[in-house]
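By convention in this document, chain letters (A, B, ...) are assigned in the order of the sequence lines, proteins followed by strands, and residues within each chain are numbered from 1.
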2 protein chains.
Amino acid sequence: MVTKQFKGSSEDADLSRADSLAREIFSDIANKWALLITEALGDRTLRFSELRNEIEGISHKMLTQNLRLLERNGLVERTVYATVPPRVEYTLTEPGHALRVTIDGLCDWTHQYLAQIEDSRRRFEEA
Amino acid sequence: MVTKQFKGSSEDADLSRADSLAREIFSDIANKWALLITEALGDRTLRFSELRNEIEGISHKMLTQNLRLLERNGLVERTVYATVPPRVEYTLTEPGHALRVTIDGLCDWTHQYLAQIEDSRRRFEEA
DNA sequence: CGGTATCCGGCCGGATACTG
DNA sequence: CAGTATCCGGCCGGATACCG
């Protein structure tokens with residue numbers, strides 16, 4: 001459960017702290033761009049510019065911002081080559097790969113229910 | 001793949017339309033509150049106020065807004081009882097339950113890597 | 001090429017007040 | 001109790017410019 005920050009007996013301060021941390025992480029991860037980047041990486045190693053091309057519609061700023069976020073949480077490893085021009089590669093860590101599996105599930109779900117959702121939307125717009 | 005809007009041969013206009021729709025749905029779903037509401041519902045049936053209590057920190061506005069979003073996409077069914085005071089109940093549909101399974105995975109992931117992520121963050125703050 | 005900084009318009013989202 | 005409407009401060013995120 002990530003929904004409640006404080007569950008059970010309020011005397012256990014550690015549990016509530018762990019839960020609020022869980023929520024914080026969840027909020028970091030459950031965001032469009034972070035998920036798309038993780039999914040785009042898959043088990044490849046990609047450069048900044050490759051990621052940018054790979055992810056339709058992401059801006060320079062959003063990409064760097066979310067890459068830092070993922071790096072900070074240890075989902076992505078960043079390797080800088082001191083060449084000129086510089087070359088920076090990104091790849092998923094083990095936690096990153098684990099997360100990716102569940103994101104795959106999310107993508108599968110999206111495609112599986114695509115038509116059904118489209119129908120539901122159409123029906124909803126009649127009221 | 002939800003990352004690229006246009007994949008493969010550009011002659012198939014239907015595929016690209018399906019992909020952009022997938023991205024749109026993905027953007028709707030991959031949002032903190034929508035996911036938390038879906039997770040909170042689980043296989044229960046909850047009233048508006050119960051959901052509000054269940055989800056730590058959600059505002060009245062965000063709850064209604066995201067419930068409409070979920071309803072529109074057919075993930076949540078809304079039942080109004082014409083009593084006074086009114087009573088409105090929310091429950092997951094079949095697509096909603098399917099989605100919930102993958103969100104469970106996300107929550108499990110969060111708890112599983114909690115400590116590891118906390119460490120990674122600490123290490124990151126030294127640079 | 002990859003990253004940071006700055007600017008700033010727009011919308012996100014909380015607070016409040018009002019209906020059925 | 002549940003929902004809508006309005007107001008408005010804050011930050012999100014795109015555009016641009018400039019370093020290593």
### Query
What integer distance in Å separates A/Asn66:CG from D/dC12:C1'?
11 Å
### Query
Between atom CG in B/Leu51 and atom P in D/dC1, what is the gap in whole Å?
15 Å
#### Entry: A/Arg47/A/Glu50 salt bridge by N-O under 4.0 Å criterion
no
### Message
What's the closest nucleotide to the side chain of A/Ser49 if the choices are D/dA2, C/dG2, C/dG3?
### Response
C/dG2
Pair up each side-chain donor or acceptor in residues 76-83 of chain A with any protein partner under 3.5 Å, not counting sequence neighbours, and list the distances.
{"unit_1": "A/Arg78", "atom_1": "NE", "unit_2": "A/Tyr90", "atom_2": "OH", "d": "3.2"}
{"unit_1": "A/Tyr81", "atom_1": "OH", "unit_2": "A/Glu89", "atom_2": "OE1", "d": "3.2"}
{"unit_1": "A/Thr83", "atom_1": "OG1", "unit_2": "A/Pro85", "atom_2": "O", "d": "2.9"}

### Message
Whole angstroms only, please: what is the CG-P distance between B/Leu46 and D/dA2?
### Response
11 Å
### Task
Using the test ring-ring contact (aromatic ring centres under 6.0 Å, His included), find all partners of A/His60 that sit at least two apart in sequence or belong to another chain.
A/Phe48
### Query
What residues, two or more places apart in sequence or in another chain, satisfy side-chain hydrogen bond (donor to acceptor under 3.5 Å, both in side chains) together with B/Glu125?
A/Arg72
### Query
Can you name the side-chain contact (heavy atoms from CB on, under 4.5 Å) partners of B/Asp119, sequence neighbours left out?
B/Arg122, B/Arg123
#### Entry: B/Leu69 side chain near B/Trp33 side chain, heavy-atom distance below 4.5 Å
no
### Message
Angle between the end axes of the helix from C/dC1-D/dG20 to C/dG20-D/dC1, five pairs per end, to the nearest 10 degrees?
### Response
40°
### Summary
Across all chains, not counting sequence neighbours, the side-chain hydrogen bond (donor to acceptor under 3.5 Å, both in side chains) partners of B/Glu94 are A/Tyr113
Between the protein and nucleotides 13-15 of chain D, which nitrogen or oxygen pairs are less than 3.5 angstrom apart?
{"unit_1": "D/dG13", "atom_1": "N7", "unit_2": "A/Lys61", "atom_2": "NZ", "d": "2.9"}
{"unit_1": "D/dG14", "atom_1": "OP2", "unit_2": "A/Ser59", "atom_2": "OG", "d": "2.4"}
{"unit_1": "D/dG14", "atom_1": "O6", "unit_2": "A/Lys61", "atom_2": "NZ", "d": "2.3"}

### Query
Can you list, by residue number, the residues of residues 68-93 of chain B that have a non-hydrogen atom closer than 4.0 angstrom to DNA chain D?
B/Arg68, B/Arg78, B/Pro85, B/Pro86, B/Val88, B/Tyr90
#### Entry: Contacts of type side-chain hydrogen bond (donor to acceptor under 3.5 Å, both in side chains), residue A/Asn31, not counting sequence neighbours
A/Asn66
### Residue-phosphate contact under 4.0 Å: B/Arg47 side-chain N/O, D/dA2 OP1/OP2
yes
### Query
What pairs with A/Thr102 under side-chain contact (heavy atoms from CB on, under 4.5 Å), at least two apart in sequence or on another chain?
A/Leu99, B/Leu106
#### Entry: Test side-chain hydrogen bond (donor to acceptor under 3.5 Å, both in side chains) applied to A/Asn73 - qualifying residues, sequence neighbours left out
A/Asp28, B/Arg121
### Task
Under the side-chain contact (heavy atoms from CB on, under 4.5 Å) rule, collect the residues that match up with A/Asp104, sequence neighbours excluded.
A/Glu39, A/Arg100
